[in-house]
2 protein chains.
Amino acid sequence: MPQRPVDRRSGESAARPRQARGAGKAAPATSKVRPGPGSPPAAADARERIFLAAERLFAERGFDGVSVRDIVEAAAVNLAAISYYFGSKSELLLAVFAVRAKELNRERNALLREAEARHGGDAPLEEILRALMGPPILWRDPASGKDTASRFIARALAEATPDLREILETDVSHLRGFLAALARALPHLPRPEVCWALHFATALPHQCTDTHLKRLKALSDDGCDTRDVAAVLDRAVAYAIGGIEALGAPRRGAGDAKT
Amino acid sequence: MPQRPVDRRSGESAARPRQARGAGKAAPATSKVRPGPGSPPAAADARERIFLAAERLFAERGFDGVSVRDIVEAAAVNLAAISYYFGSKSELLLAVFAVRAKELNRERNALLREAEARHGGDAPLEEILRALMGPPILWRDPASGKDTASRFIARALAEATPDLREILETDVSHLRGFLAALARALPHLPRPEVCWALHFATALPHQCTDTHLKRLKALSDDGCDTRDVAAVLDRAVAYAIGGIEALGAPRRGAGDAKT
DNA sequence: GGCGCTCTAAAACGAACGTTTGAACTTTCA
DNA sequence: TGAAAGTTCAAACGTTCGTTTTAGAGCGCC
């Protein structure tokens, strides 16, 4: 018996891949992998093919709407490969989410730091919002090569599978930098109101679901160009600026201002 | 043989319920049929119990995350009852969606007509937005008895199961009245921009998912009161007004203004 | 009583599910 | 070259899935 790589019931011990293997590696067979129409197969190994197929299918149909057999078929690997490389279907989901969420946050924070550097420390509101909303919106462009990732993240946020729920609800550390920047850019705004501003601004980009955009096209009799992502970003940023400034004006309720 | 009510392969013919039976009890006019734990079965009939259990479970876990056995257990009916009353699991989903979407649109349109009547025909921007965003936000209050319905609709919009997709993407007739009202309230705004305004305004309320709100609470160190739905609505309306006004101001891109 | 009808009950259908097995194949390296 | 490690494979595991079947209460009515 060739050493089973894992025994789920007794903790991880043996040498199962799980993480990406060592540097250079032999490509295992089948070179016409074809993930989508017109994309080059590339020399992806099994683990990567599973990762990409799962990301795309989860984004399209949700976690429960995709079976591991759907994934292995799309990835052109054997059924057991998912368990071999990722342990289980839900661990696969978490693995994809971890990678993509980290990518998104890294890019957002890099843009924020650049903006702050450009302005000697304190970035103006518009640039903060552009750093926050830019990546998820601009990734939608197929030319960016990240549109699947963008869709996956939107789906993960909307679906909030139990595994993801805890992460989503408690881990907000990646937004702390934006909260601080916003607070500096909006010194007149009470702290809770700054949080609401951040909430609205983070939520908005993920509304640009295919379903919602098709809806918008139908509603406007095709008068809205939903594919010009740069224009969509401009609009979203302008909208958020106007909205946030309005949050500062007194409203009927008034309450909520502890800080 | 007791006359099978349906033969799926030969078109509907026999007398299976499918729609609400007798005159009196048309819609599942929920009196207070208990969402929470520890509630008595009540005298709701089987069809209504299925309807309510399915709505709640779909809202919590999504369509594919719920089995018909989960539903019949929660509704305390026999397994065959779903097929008997609704035909299939997906028809059950569509039935729930049809009822709740109609309710939502009816309430939205009633509020809009009231606002228009108050102002002799043309409602001001704030009242249009309040009619649009009010129902989904205010329903979140458990005291309204419609929080489950609100959650269900948000989930349906986010999940967009294939069955629902076609409806969501093509049927926008219920928004036409709001589009016209917005266009009248914003005469200076190009038509596509009015559509974008409506898009942002309809999308925003559904961001108030439990997951997102818990996130907001965590981010603000509990400084944001997410349960005061009236205050949330005020904030959302103020935000939308500010955002929409900003859409009118010139931006870098400028394009898109066909009309 | 017997018929027609509505509704519920228990059991079963075949298919699909996530996961595991044990052997075979390939690569690595002393 | 040979054993070990890494990887792929077909087949099967037991469970759960959505749906259907068959039977029979319960009831109003000529």
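The shown structure was predicted, so the numbers you read here are calculated from the model rather than taken from an experiment. Lettering of chains follows the sequences in order, A, B, ..., and the numbering in each one begins at 1. Just the heavy atoms: all of them, side chains too, but no hydrogens, waters or symmetry mates, feed the values below.
Applying the side chain to side chain contact (heavy atoms under 4.5 Å, CB included) rule to Leu93(B) yields the partners Phe58(B), Phe63(B), Phe152(B), Thr161(B), Leu164(B); only residues at least two apart in sequence or on another chain are considered. Residues passing the side chain to side chain donor-acceptor pair (under 3.5 Å) test with Asp210(B) are Arg151(B), sequence neighbours excluded. When the side chain to side chain contact (heavy atoms under 4.5 Å, CB included) test is applied to Arg155(B), the partners found at least two apart in sequence or on another chain are Glu159(A), Glu159(B).
Taking all atoms of both residues into account, the shortest heavy-atom contact from Val232(B) to Asp225(B) is CG2-O, 4.4 Å.
Nucleic acid contact for Val66(B): sugar-phosphate only, since backbone atoms but no base atoms lie under 4.0 Å from a heavy atom of the residue. Ala80(B) comes within 4.0 angstrom of a nucleotide base, judged by non-hydrogen atoms across all strands.
Rounded to a whole Å, the NZ atom of Lys89(B) is 8 Å from the C1' atom of dC17(D). Here the C1' atom of nucleotide dA12(D) and the CZ atom of Arg69(A) are 10 Å apart, to the nearest Å. Rounded to an integer number of Å, the gap from Glu91(B) CD to dG18(D) C1' is 12 Å. Between Asp70(A) atom CG and dT19(C) atom C1' there is a gap of 16 Å when expressed in whole angstrom units. For the pair Tyr85(A) OH and dG6(D) P, the computed distance is 11 Å after rounding to whole Å. In this structure, CG of Asp64(A) is placed 18 Å from P of dA16(C), rounded to the nearest angstrom. Following rounding to the nearest Å, Phe86(A) (CZ) and dT8(D) (P) show an atom-to-atom distance of 12 Å. Summarising the geometry, the separation between CD1 on Ile50(B) and P on dT19(D) is reported as 13 Å, rounded to the nearest angstrom.
In this structure, Asn78(A) and Leu79(B) both approach DNA chain D, and ranking their closest nucleotides by distance from the 5' end singles out Asn78(A).
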Fill in the dot-bracket string of DNA chain D, one character per base: . for unpaired, | for a pair to another strand, ( ) or [ ] for pairs within the strand, taking Watson-Crick or G-U pairs under 3.5 Å. ||||||||||||||||||||||||||||||
Ignoring hydrogens and angles, write down the donor-acceptor pairs under 3.5 Å from the side chains of residues 138-146 of chain B, residues two or more places apart or on other chains.
from	atom 1	to	atom 2	distance (Å)
Trp139(B)	NE1	Glu107(B)	OE1	3.4
Trp139(B)	NE1	Glu107(B)	OE2	3.4
Arg140(B)	NE	Ser150(B)	OG	3.2
Arg140(B)	NH1	Cys208(B)	O	3.2
Asp141(B)	OD1	Ala143(B)	N	3.0
Ser144(B)	OG	Trp139(B)	O	3.0
Ser144(B)	OG	Asp141(B)	O	2.7
Ser144(B)	OG	Lys146(B)	N	3.1

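Under a 3.5 Å cut-off, the side chain of Arg215(B) and the backbone N or O of Val172(A) do not form any donor-acceptor pair.
Listed by first then second residue, pairs satisfying salt bridge (charged side-chain N to carboxylate O under 4.0 Å, His left out) with a partner in residues 164-178 of chain A read Arg165(A)-Glu169(A), Glu169(A)-Lys214(B), Arg176(A)-Asp221(B), not counting sequence neighbours.
Note on Ser67(B): a side-chain N or O is less than 4.0 Å away from OP1 or OP2 of dC17(D).
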